[in-house]
Amino acid sequence: MTSAPTAMTLTDTEVLRDALGLLKDREQVAERLLDSSARHSFDPDTELDWDAPLEEGKWFWPPELVSLYDTPLWRRMSPEQQQDLSRHEAASLASLGIWFEIILMQLLVRHIYDKPVTSAHVRYALTEIADECRHSKMFARMIQKGGAPAYPVSRLNHNLARILKTVSTTPGSFACTLLGEEILDWMQRLTFPDERVQTLVRGVTRIHVVEEARHVRYAREELRRQMVTAPRWEQELTRISSGEAARVFSVAFVNPDVYTNVGLDRREAIAQVKASGHRREVMQNGARRLTDFLDEIGVLRGVGRRLWRSSGLLA
């Protein structure tokens, strides 16, 4: 008598290889990530001291990562105005992070909808969704503590994301996930050890870096798998959609209202950020680990590569 078939698909069991080598077993990867989650997860409500006063004279974001750093306008600003801009940009980035994580949670739910509910792969996705819920609440609380307003993305980008959540393919979803996670992760790795920065902000970024490392691993492994197994049309759509997402993300990275709210001429500030070699280098450095990875697994090709170049994230 033959045994009953399992709930696994062919791509769960067959040996897969891409330019980076053999792909790891999906369930083994998820089990390791679940073990790491059990050992290194945080509750921001109790882990951080939300009642402690903010520290006078400290930054909310490392000055070198503030969009106007080393521009003529920056050099005309007082130290107090520079630090105030860092406060507003931290709030803008946290707002962007919340927007992005809400999108990510919906994409993850879509990803696991048809998968075996008892698999480690699905259990880890649910664990990641719980992480992202905590992160979004943590970012919102940090915005409120800093006293700057929340900075929603433009109505256009808000509605473009609504379309993305509806039509995104699985590899497209994971490519966009990495776009949102890896650049901010690079910046936060520079932030949490920086003693010039507010202790609360350093604590927030430390928690996010530790937990996001697992999310990046999960997304990278799954994107590799998808780019090997997806039909050609889906691979090509992923190249184009990720390039367009990079273009949107680079524009939305800092809300231009931050300049108005610290008393700067908005048009002059935007023009100087666009012309800033330092800012371009920061964004490309932040994206380099990701773009190198996407290039190796075949995402940065054709029209998609041109879109990535136009975003300014790919040198």
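These numbers come from the heavy atoms of this one structure, side chains and all, not from hydrogens, waters or symmetry mates.
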> Whether the side chain of Arg134 engages the backbone of Asp43 through a donor-acceptor N/O pair (distance < 3.5 Å, no angle test) should be reported.
no

> Before accepting this row, confirm whether a basic side-chain N of the pair Glu132/Lys137 lies closer than 4.0 Å to the acidic partner's carboxylate O.
no

> How long is the gap from OG1 on Thr71 to CG on Leu73, to the nearest 0.5 Å?
5.0 Å

> What distance do Trp61 atom CH2 and His88 atom NE2 have between them, rounded to the nearest 0.5 Å?
15.5 Å

> Leu156 and Val251: same hydrophobic cluster, using ILVMFWY side-chain contacts below 4.5 Å?
no

> Among all residues two or more places apart in sequence or in another chain, which pass the ring pair (Phe, Tyr, Trp, His ring centres under 6.0 Å) test with His208?
His135, Phe139

> With sequence neighbours excluded, tell me which residues meet salt bridge (charged side-chain N to carboxylate O under 4.0 Å, His left out) with Glu234.
none

> Is a donor on one side and an acceptor on the other found under 3.5 Å between the side chain of Asn255 and the backbone of Val258?
no

> Any chance you could measure Met142, atom CE, to Leu93, atom CG, to the nearest 0.5 Å?
8.0 Å

> Quick check: does any side chain N or O of Arg196 sit under 3.5 Å from a backbone N or O of Pro63, one acting as donor and the other as acceptor?
no

> Shortest non-hydrogen contact from Ala213 to Arg189?
CB-NH2, 4.2 Å

> At their closest point, which heavy atom of Ala148 faces which heavy atom of Ala91, and how far apart are they?
CB-CB, 3.7 Å

> Kindly write out the residues that satisfy side chain to side chain donor-acceptor pair (under 3.5 Å) with Arg217, not counting sequence neighbours, or none if the list is empty.
Glu221

> Whether the side chain of Ser168 engages the backbone of Lys165 through a donor-acceptor N/O pair (distance < 3.5 Å, no angle test) should be reported.
no

> Work out which heavy atom in Ile103 is nearest to a heavy atom in Ala161; give both atom names and the distance.
CD1-CB, 3.5 Å

> So does Glu281 pair up with Arg288, basic N to acidic O under 4.0 Å?
no

> Does anything in residues 295-306 pair up under side chain to side chain donor-acceptor pair (under 3.5 Å), and if so which pairs, sequence neighbours excluded?
Asp295-Arg305

> Give a yes or no on whether Phe249 and Ile240 share a hydrophobic cluster (residues Ile, Leu, Val, Met, Phe, Trp, Tyr; joining criterion: side-chain heavy atoms under 4.5 Å apart).
no

> Are the charged groups of Arg289 and Asp185 less than 4.0 angstrom apart, N to O?
no

> Indicate yes or no: does Arg123 engage Glu27 in a salt bridge with an N to O separation below 4.0 Å.
no

> What's the shortest heavy-atom distance between Trp59 and Gln83, and which atoms?
NE1-NE2, 3.4 Å

> Is a side-chain donor or acceptor of Gln235 paired with a backbone partner of Met227 at a separation under 3.5 angstrom?
yes

> For the residue pair Arg220 and Phe293, would you count it as a cation-pi contact if the rule is NZ or CZ under 6.0 angstrom from the ring centre and within 45 degrees of the ring axis?
yes

> Could you tell me whether the side chain of Asn159 and the main chain of Arg155 form a donor-acceptor pair under 3.5 Å?
yes

> Using 0.5 Å steps for rounding, measure from the OH atom of Tyr69 to the NE2 atom of His278.
6.0 Å

> Report the distance from atom CH2 of Trp99 to atom CG of Leu104, rounding to the nearest 0.5 Å.
12.0 Å

> What distance do Leu314 atom CG and Leu307 atom CG have between them, rounded to the nearest 0.5 Å?
11.0 Å

> Partners of Phe174 by ring pair (Phe, Tyr, Trp, His ring centres under 6.0 Å), sequence neighbours excluded?
His111

> Which heavy-atom pair separates Leu164 from Cys176 by the least distance, and what is that distance?
CD1-SG, 4.3 Å

> Of all residues at least two apart in sequence or in a different chain, which pass the side chain to side chain donor-acceptor pair (under 3.5 Å) check with Arg266?
Asp257

> In terms of side-chain geometry, is the basic nitrogen of Asp265 or Arg267 positioned less than 4.0 Å from the acidic oxygen of its partner?
no

> Going by an N to O cut-off under 4.0 Å, is there a salt bridge joining Arg26 and Glu222?
yes

> Using modelled atom types and a 3.5 Å cut-off, is there a donor and acceptor pairing between side-chain atoms of Arg225 and backbone atoms of Lys24?
yes

> Got a sec: does the CZ of Arg232 have more than 12 other heavy atoms crowding it under 6.0 Å?
no

> Of the non-hydrogen atoms in Val273 and Tyr259, which two are nearest, and what is the gap between them?
CG2-OH, 3.4 Å

> For Ala287, does its backbone N or O pair with a side-chain atom of Glu182 as donor and acceptor, under 3.5 Å?
no

> Can any side-chain N or O of Tyr218 pair as donor or acceptor with the backbone N or O of His121 at less than 3.5 Å?
yes

> Distance-only, no hydrogens or angles: does the Thr166 side chain make a donor-acceptor pair with backbone N or O of Arg162 under 3.5 Å?
yes

> I'd like to know if the side chain of Thr191 pairs up with that of Thr205 as donor and acceptor (distance under 3.5 Å, no hydrogens or angles considered).
no

